[in-house]
K.L.:
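The following block contains the structure, expressed as structure tokens.
Both backbone and side-chain heavy atoms feed into the values below; hydrogens, waters and symmetry mates do not. Every number for a ligand or one of its atoms is a count from 1 in the order of the listing.
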Amino acid sequence: MKRATVLLAVSLLVVACATMRPQGRALVSRAVQAMGGADALAGVKTLSVKGTARQWEPEQSVVAGGEMRFANEATFTAVSDVASRSTRIDWVRNFAYPSPRTFTFTEIVTSDAGYVAGIDSNGRTKQSLDSHPPAHTMSNARLAATQRELQRASSLLFLDMLRNPDRVRSAADVTVGGVAHPAVEYRTGDQTFTVLFDRATGLPTRVRTLDYDNIWGDVTYDVVLSDWQTVDGLRVATTRKYELNGRPVIEEKITEAKVNAPVTAEAFAIPAAFRAAASKPATGAGVPYQWVIRRQFIGTYLDSDVPSYDARAVTSLRLVELAPGVQHVVGGTHHSLIVEQRDSLIVFDAPVSDWHSNWVLGAARAKYPGKPVKYLVLTHHHMDHAGGLRAYAAQGATIVVGKGNGEHFRRVLAAPFTRNSDLSARDLTRTEIIEVVDKRVFADGDREVHAYLLDNPHAEGLLIGYVPAARLGFITDVWSPGAGPLPDKLNPALAAVVAGVKKAGIAPVKFAGGHGSVADYAPLAALEGR
Ligand SMILES: [Zn+2]
């Protein structure tokens, strides 16, 4: 009886698959038809577009979980050559955050190399700094991410799907905004796109990947295609909105498009020295797509094969002892502070990723054997300083956050993270979280550590650290000590530091930073009243 049931179930499954397969293919051929037909798509040799883009970053908000930060608006001219699988994009990006500035640069992407001419980030690599005029090769992860996003948004994706029916699989309907869309999955390289179709027109409406986000864990990332217009016999989606877990983070408008305009091969030429030095596209489950894509939103992406540091400049993160029992974790784009107490350690900030945290935890274990990290103090909720919190929680650390941020981090730690390649999935919901309302003293009999809430314009609930025995403060983003000369007058962020130190009644001699290095506090305090 049992066996018969199993057999019946198996045969039903076979029937279901057999009937689903052609349905998936039918969705693809209907979409291709709606886009102008297979011949029209196959006739595309070059595609030239002009457009505008705006981007928002949810995890740089002022309030944790609050309104997304407007990051930049841009204009672009892009040209793709189908035969050589090459694309060139000329960008002018006007950033609003973290500071107003404009980057004008060109990206060239081929099947096995990526190149950037000009400056596209404040996080410049050694290769970019050493090149005159400034230029650099794309990291393996950026090349993979750029190739993936070009493919996601390309009309030719559907011609590929039509030509590779063995890689198309029917999927269950996907409901978005109360509407159930028929869908297929398409495997290409190591990517799987879930493509949703409009039931009425047959056109594709959404192309989804399942990504990992260092704050929200497993997330969906979609391009939403709309405003279809006919361009030289092809239907082209002239509005592309990108949604992260359903929240719009990019809006692109195509303002001009042309099929088969002549393009010279030079447009895609990568100088030989850069081509030879270029990384191949990264593959596998560990590509941090969301990190690569979204750090570019705010113009701070470090284009390195190792996301945490410039792999062409240094070989590792490292510890610098600032005082007995106090280590600054430096060498990368983002720093932490480790403070040794009698029985355990306190760490400030968990930047970038759990890979980064695992390095810090390993270095801390080697330096202070037998002393676990009891507290991880997050100065604020931004993804670049908090995205490695899970590795600490997994070791049993208590997470310390500023006033009002506890509920946010409870939600973060409850989010599934099966696609985190640096930490296997586990239940972190029982992690203890402490909110610092005003001041918190961590004392276990040896080397007291303080955390103070700081009123500031950067992030609500931001904390600064203080080690009285060393007269050393720790501060992230509001001031980057040693990163450059101080201004002539206090700006609102620096004024907040001076006011906060006064209010706390502490007497720091130096501050170490989440960015920058270490600097004396007196020259900053002396700017008050100027
Ligand atoms: Zn920040």
K.L.:
Return yes when at least one N/O/S atom of His458 is nearer than 2.8 Å to the Zn ion (ligand 1), and no when none is.
P.N.:
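Checking His458: at least one N, O or S atom is under 2.8 Å.
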
K.L.:
Any N/O/S atom of Asp384 sitting less than 2.8 Å from the Zn ion (ligand 1), backbone or side chain?
P.N.:
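Checking Asp384: none of its N, O or S atoms is under 2.8 Å.
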
K.L.:
Looking at Arg294 and Glu59, is there a salt bridge between them, counting it only when a charged N and a carboxylate O are closer than 4.0 Å?
P.N.:
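Judged by the 4.0 Å cut-off on N to carboxylate O distance, Glu59 and Arg294 do not form a salt bridge.
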
K.L.:
Only N/O/S atoms count here: what is the atom of His382 closest to the Zn ion (ligand 1) called?
P.N.:
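The closest N, O or S atom of His382 to the Zn ion (ligand 1) is ND1.
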
K.L.:
Please find the N/O/S atom of Asp477 nearest to the Zn ion (ligand 1) and write down its name.
P.N.:
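Nearest N/O/S atom: OD2.
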
K.L.:
Does the pair Lys374/Asp444 count as a salt bridge with the N-to-O cut at 4.0 Å?
P.N.:
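Salt bridge between Lys374 and Asp444, a charged N being under 4.0 Å from a carboxylate O: no.
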
K.L.:
Cationic tip of Arg101 within the cone over Phe95's six-membered ring, i.e. under 6.0 Å and within 45° of the normal?
P.N.:
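Here Arg101 passes the 6.0 Å and 45° test against Phe95.
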
K.L.:
Does Arg142 make a cation-pi contact with Tyr301 (under 6.0 Å, within 45 degrees of the axis)?
P.N.:
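No - Arg142 does not lie over the ring of Tyr301 by the 6.0 Å and 45° rule.
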
